[in-house]
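Below: one structure, written as structure tokens.
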Amino acid sequence: MKDNTKKVLQGFLIGAAAGVVAGLLLAPSSGKETRKKIADSAKDLSDKFGSEFDDAMSKLSSFTETTLSNIKNAKGEKVSSN
């Protein structure tokens, strides 16, 4: 990933986490309810970003395979499929 992309993603994650925490801490709920909300929010974020990470890795893998195949074709090499 490019440095700018990493910085934007980090900023987004930090901002999202800060927003969730601030919202939960300012909400009129008991400690037990607040802890459950925090745990649920953390799991939701983890699931969402885990799925997006998997998608990104899949796209990167596909891009890498295509690029390697194109390079081999340009060099006149036989392309082997794994």
Side-chain angles (χ1 to χ4, degrees):
M1 247 188 241
K2 292 183 180 179
D3 285 338
N4 289 339
T5 305
K6 285 182 183 179
K7 288 179 183 179
V8 169
L9 184 57
Q10 287 174 342
F12 175 76
L13 292 174
I14 290 169
V20 168
V21 170
L24 291 173
L25 293 176
L26 296 173
S29 301
S30 71
K32 184 177 182 178
E33 290 171 353
T34 301
R35 285 189 298 275
K36 181 169 177 11
K37 287 180 184 179
I38 290 172
D40 291 345
S41 294
K43 184 178 181 332
D44 290 344
L45 282 173
S46 173
D47 291 346
K48 179 180 179 182
F49 288 110
S51 138
E52 289 181 11
F53 178 78
D54 290 342
D55 290 344
M57 291 305 293
S58 176
K59 288 177 184 177
L60 179 61
S61 177
S62 176
F63 173 77
T64 302
E65 289 175 16
T66 301
T67 303
L68 182 60
S69 176
N70 290 340
I71 291 169
K72 286 183 177 181
N73 286 336
K75 292 172 82 176
E77 296 179 10
K78 186 175 183 179
V79 177
S80 63
S81 55
N82 295 337

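Since we're looking at a predicted model, the values are computed, not measured. If you read the sequence from its start, that first residue is 1, and numbering goes on from there.
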Donor-acceptor contact present, side-chain Thr64 to main-chain Leu60, <3.5 Å: yes
Quick test of your reading of the model: are Asp55 and Lys59 salt-bridged, counting only N-O distances below 4.0 Å? no
Measuring from atom CE of Met57 to atom OG of Ser62, what distance do you get when rounded to the nearest 0.5 angstrom? 12.5 Å
Within a strict 4.5 Å, meaning less than it, do heavy atoms of the Ser61 and Glu65 side chains meet? yes
Within this structure, what is the CZ-CG distance for the pair Phe63 and Leu68, rounded to the nearest 0.5 Å? 11.5 Å
